[in-house]
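Beneath this line is the structure, given in structure tokens, with notes to follow.
Note: hydrogens, waters and symmetry copies are ignored here, and every other heavy atom, side chains too, is used. Sequential numbering from 1 along the given sequence is applied to the chain's residues.
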Amino acid sequence: MLRLAFLFFMQLMLWFPLGPEQALAQEANTAVGTPAADAAVDRSATGGAQTLADILARQEGQTLDEGFRRDNIGDPAAAAAMTQQLGTLGGASDPDLWRQMRYGTAEVRVSAGGDVAKVLIQDGGMTWLNFRAGPLRHYGGWLLLGTIGGLLLFFLLRGRIMIDGEKSGRTVTRFKAIERFAHWLMAGSFVILGVTGLLSLFGRVVIAPYLGKAPNAAILDLGKWLHNMVAWGFIVGLVMVFVMWVAHNIPNRTDLVWLRQFGGIIGSAHPPAKKFNAGQKMIFWSVILFGTSIAVSGISLLFPYELQLFAKTFAVINSTGLPEMLGFGVLPVDLAPQEEMQLAQAWHAALSFVLMAIIIAHIYIGSLGMEGAYDAMGSGEVDEAWARQHHSIWLEEVLEEEQASAPPGKAQQPAK
């Protein structure tokens, strides 16, 4: 009984010093709701530490300004004198030290490992993990499923784009062997990269619950090796395709006609086009721009301590003043290697989802969606009727070149 009475007395002693004003302040903090929405949250009752309102907001997933903890790392000037009680502890306590480590402000010295080894706690890791397991999976997955569903619906409504009339029986070379090699090198490696990337993101929620954690780990281990090796083939194919086709993908006035008539995909018009029409040019530049950015960010993930991109990129963006104009403030330019890797991985994955959706549409048009389209990259030869219907300007140029190169006095031979 004495022990219970003592505990009850101590609880009263801990509560009464707060006083009615402080108790009301704590209740007001709870009633306010989201601390992030209140620019002047009163934390005097907790000595600057988090309040019950902060805890509840964090549990509800609300945005919380961590500045009150990040900046609360002690004050050496406030340390008591050596002759006073607890004076030898200085102006920083153990919690202050842990906050310094968490937010990267502690003065850490290491004998080996350099700046990387100085990062003992990396606060942004949970932000990256939550993004990867939440919005990235959710929106990325629905983007791919939505693209496939939209194409299926389009096929049911439009059907396959057929060649008007009969085939001519004469073929013309659409793509040479070296062009097809570059295309399939890039396309095949991209498919492997896409599949292994999706497995690494969805394996824990798709494979592990059904096959078990060990099979999932074995699949992802093999997938990681394939992803890192095949990536170099994708880069080689990307460079080859750019060098060979960039001159044919410069926009021109003919593209406006193609866009105005929706390329004949909607309706029955057959707009003129050179070797690549406006739709193919959009695919080309999407692959080049997105693919290059994905490749560069992927290389930075393979060599995270040698190639760090985002701090330098943020510095350039900050120099324009655009982030502050848009209300984002100054972007961070002092990033740990771990933060660079997290940003690079998020960027790498987000762009990959966008490019995968574009490529899915490209695969549909080049196979099921259009009669004769696959022959261009299959055998390299397309029927003249198909070429005249979809690339009439290019066909005329090819026939003129063949006629000009024919020996004098020899009758023109039909294209084989």
Side-chain angles (χ1 to χ4, degrees), residues 147 150-151 154 157-165 167-168 170-176 178-180 182-183 186-187 237-293 351 354-355 357-377 380-406 412 414-415:
T147 301
L151 292 172
F154 180 79
L157 296 176
R158 173 64 170 83
R160 196 178 195 195
I161 302 174
M162 307 299 292
I163 298 176
D164 293 346
K167 293 184 178 181
S168 66
R170 299 183 303 273
T171 61
V172 60
T173 302
R174 175 78 172 140
F175 293 111
K176 299 177 181 179
I178 185 64
E179 294 177 294
R180 301 199 306 276
H183 172 271
M186 182 176 63
L238 188 68
V239 173
M240 292 179 66
V241 163
F242 176 78
V243 171
M244 290 187 293
W245 292 344
V246 64
H248 299 286
N249 281 277
I250 304 300
N252 53 58
R253 292 182 179 180
T254 307
D255 299 328
L256 298 178
V257 179
W258 192 95
L259 292 172
R260 189 163 55 247
Q261 298 181 2
F262 296 100
I265 297 176
I266 299 177
S268 57
H270 299 303
K274 295 187 177 183
K275 184 167 185 174
F276 295 104
N277 57 43
Q280 291 169 326
K281 289 178 181 180
M282 288 189 286
I283 296 291
F284 174 84
W285 287 112
S286 297
V287 170
I288 295 301
L289 297 178
F290 286 120
T292 299
S293 187
L351 286 188
V354 175
L355 188 55
I358 294 173
I359 295 303
I360 288 173
H362 173 63
I363 293 173
Y364 165 79
I365 292 295
S367 56
L368 181 64
M370 180 182 291
E371 181 187 13
Y374 178 79
D375 295 336
M377 275 300 167
E381 303 289 327
V382 294
D383 191 89
E384 279 192 15
W386 181 92
R388 194 173 301 280
Q389 180 172 321
H390 299 290
H391 299 273
S392 58
I393 300 176
W394 168 77
L395 177 62
E396 295 300 326
E397 293 174 349
V398 171
L399 294 179
E400 289 177 4
E401 290 179 2
E402 290 184 354
Q403 185 175 5
S405 60
Q412 180 183 0

If you compare all heavy atoms of W394 against all heavy atoms of T173, which two are closest, and at what distance to 0.1 Å? CZ2-O, 3.4 Å
Identify the heavy atoms of A387 and V172 that sit nearest to each other, and give their distance. CB-CG1, 4.2 Å
Please check this pair: side chain of E371 against backbone of R160, looking for a donor-acceptor N/O pair closer than 3.5 Å. no
Note: R170-D383 ion pair, threshold 4.0 Å (strictly below): no
Measuring only between side-chain heavy atoms, which start at C-beta, is W386 closer than 4.5 Å to R174? yes
A side-chain contact here means heavy atoms from C-beta on lying under 4.5 Å apart; do E397 and I393 qualify? yes
Partners meeting side chain to side chain contact (heavy atoms under 4.5 Å, CB included) with F154 (sequence neighbours left out): R158, I265, I266, Y364
Indicate the atoms forming the closest heavy-atom contact of I250 with D255, along with that distance. O-OD2, 4.3 Å
Hey, are the side chains of N252 and K281 touching, using non-hydrogen atoms and a 4.5 Å cut-off? yes
If you compare all heavy atoms of G264 against all heavy atoms of P271, which two are closest, and at what distance to 0.1 Å? N-CD, 3.9 Å
Within residues 249-275 or reaching into it, pairs that qualify as ring-ring contact (aromatic ring centres under 6.0 Å, His included) - sequence neighbours excluded: none
For the pair S286 (side chain) and M282 (backbone), establish whether a donor and an acceptor sit closer than 3.5 Å, ignoring hydrogens and angles. yes
Check whether any side-chain heavy atom of R388 lies under 4.5 Å from a side-chain heavy atom of L399, and answer yes or no. yes
Atom CD in Q403, atom CD in E401: separation rounded to 0.5 Å? 11.5 Å
Would you check if T292 and F242 make a side-chain contact, meaning some heavy-atom pair closer than 4.5 Å? no
Would you say E381 and D375 make side-chain contact, with heavy atoms under 4.5 Å? no
Correct closest heavy-atom pair for E384 and L395 would be O-CD2, 3.8 Å
Please give me the minimum heavy-atom distance between L238 and V287, naming the atom from each residue. CD1-O, 3.7 Å
Using the side chain to side chain contact (heavy atoms under 4.5 Å, CB included) rule, take Q261 and V257 through it: C-alpha gap first, then chi angles, then the decisive distance, then the call. CA-CA 6 Å; Q261 298 181 2; V257 179; 4.0 Å; yes
In the structure I gave you, are the side-chain heavy atoms of I360 and L151 within less than 4.5 Å of one another anywhere? yes
For a 4.5 angstrom cut-off between non-hydrogen side-chain atoms, does M370 reach H390? yes
How are the rings of H183 and W245 set to each other: parallel, tilted or perpendicular (split at 30° and 60°)? tilted
With a cut-off of 3.5 Å and sequence neighbours excluded, list every side-chain donor-acceptor pair involving residues 272-280.
from : atom 1 : to   : atom 2 : distance (Å)
K275 : NZ     : E179 : OE2    : 3.0
N277 : OD1    : G279 : N      : 3.1
N277 : OD1    : Q280 : N      : 2.8
Q280 : OE1    : N277 : N      : 3.0

